[in-house]
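No experiment lies behind these values; they were computed from the predicted model shown. The chain is numbered in sequence order, starting from 1.
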Amino acid sequence: LHALLLGGAAQHEQFARLANSDLAAPLALQLTDRRSKCIKIACLAAGEVAARLGAGFAEGASVLLPSLLRLLRGAAPSVVVASAEGAASSASAFRTALPGRHTPRRRADRCIRALVRHTLAPELLPPLVAGATARGGAAALRGACVRFLGDALEALPSDALAPHLRAIGQAPRSPASPPTRLSRPD
């Protein structure tokens, strides 16, 4: 996919249609994989497609967003395959990814930011508002969704935000949300 994008596939009309109809579902499936390498590749590919196609990837972005939000929630813990030397013992064959710069959650965070920034799709707002107002135990998800909504307020035109303003306004006032104020910069 990356090679196709580098080769100029994004300039062809058919590629946007194929990216939305035929590539979004396999990328979403790859995001549910428990291996951090698969998640990394899917996030990088989705971010690159969003950057190259822009608003043409809005439908695909809305397909990928639930899987990406599940990664932020931590519903799909990542597993990193150990090296060949460590694979000899079953205890060291798999280990949970340690928090760091390249964790699947951080990759998902960057990917969602790219989807919001590049696609400018108002279809992404309802799942983000739902995540920001969730009352479950996922405080990290609520905080991330509030940040994504802030990015959307900066990036999306006012007419695209109009149908969602009431819900967006309720997100930071929810008792479960962090004390971040969402407001559009002047």
Original post:
Ala19 and Leu53: which non-hydrogen atoms are nearest, and at how many Å?
Top reply: CB-CD1, 3.7 Å
Original post:
CG/Leu68 to CG/Leu31 distance, rounded to the nearest 0.5 angstrom?
Top reply: 5.0 Å
Original post:
Residues two or more places apart in sequence or in another chain: which of them pass side chain to side chain contact (heavy atoms under 4.5 Å, CB included) with Leu141?
Top reply: Leu69, Leu72, Arg73, Ala138, Cys145
Original post:
Under the salt bridge (charged side-chain N to carboxylate O under 4.0 Å, His left out) rule, what pairs show up with a residue in residues 45-64, not counting sequence neighbours?
Top reply: Glu48-Arg52
Subject >> Heavy-atom pair with the smallest gap, counting every atom of Ala114 and Ala50 >> reply: O-CB, 4.2 Å
Subject >> Separation of Gln30 CD from Leu64 CG (nearest 0.5 Å) >> reply: 10.5 Å
Original post:
When clusters are formed by joining ILVMFWY residues with side-chain heavy atoms under 4.5 Å apart, either directly or through shared neighbours, do Leu165 and Leu156 land in the same one?
Top reply: yes
Original post:
If every non-hydrogen atom of Ala58 is compared with every non-hydrogen atom of Asn20, which pair is closest and at what distance?
Top reply: N-OD1, 4.2 Å
Subject >> Atom pair CZ (Arg17) and CG (Asp22), whose distance is rounded to the nearest 0.5 Å >> reply: 7.0 Å
**OP:** For residues Val63 and Leu27, determine if any side-chain heavy atom of one lies less than 4.5 Å from a side-chain heavy atom of the other.
**Re:** no
Original post:
Is it true that Leu153 and Val129 fall in one hydrophobic cluster, defined by side-chain heavy atoms closer than 4.5 Å?
Top reply: yes
Original post:
Among all residues two or more places apart in sequence or in another chain, which pass the side chain to side chain contact (heavy atoms under 4.5 Å, CB included) test with His164?
Top reply: Pro122, Leu125, Pro126, Ile168
Original post:
For the residue pair Ala28 and Ser67, what are the closest heavy atoms and their distance?
Top reply: O-OG, 3.6 Å
Under 3.5 Å donor-acceptor pairs involving side-chain atoms of residues 4-11, not counting sequence neighbours:
none

Original post:
Taking it one step at a time, do Phe57 and Leu23 satisfy side chain to side chain contact (heavy atoms under 4.5 Å, CB included)?
Top reply: CA-CA 10 Å; Phe57 191 59; Leu23 292 177; 5.9 Å; no
Original post:
Would you call Arg70 and Thr32 a side-chain contact if the rule is heavy atoms closer than 4.5 Å?
Top reply: yes
**OP:** List in chain and number order the residues that pass side-chain hydrogen bond (donor to acceptor under 3.5 Å, both in side chains) with Asp109, two or more places apart in sequence or in another chain; answer none if no residue qualifies.
**Re:** Arg113, Arg147
Original post:
Please walk me through it: do Leu44 and Arg107 pass side chain to side chain contact (heavy atoms under 4.5 Å, CB included)?
Top reply: CA-CA 8 Å; Leu44 291 174; Arg107 297 239 186 240; 4.2 Å; yes
Subject >> Check: Leu115 and Phe148 side chains under 4.5 Å, non-hydrogen atoms >> reply: no
Subject >> From Gln14 atom CD to Ser21 atom OG, the distance as rounded to the nearest 0.5 Å >> reply: 9.5 Å
Original post:
Got a sec, which residues hit side chain to side chain contact (heavy atoms under 4.5 Å, CB included) with Ser62, two or more places apart in sequence or on another chain?
Top reply: Glu123, Leu124
Subject >> Non-hydrogen side-chain atoms of Ile41 and Leu1 separated by less than 4.5 Å >> reply: no
Original post:
At what distance, to the nearest 0.5 angstrom, does CG of Leu128 lie from CD1 of Ile112?
Top reply: 7.0 Å
Subject >> Gap between atom SG of Cys111 and atom CD1 of Ile39 - 0.5 Å precision >> reply: 11.5 Å
**OP:** Output yes when a side-chain donor or acceptor of Asp151 lies under 3.5 Å from a complementary backbone atom of Val116, and no otherwise.
**Re:** no
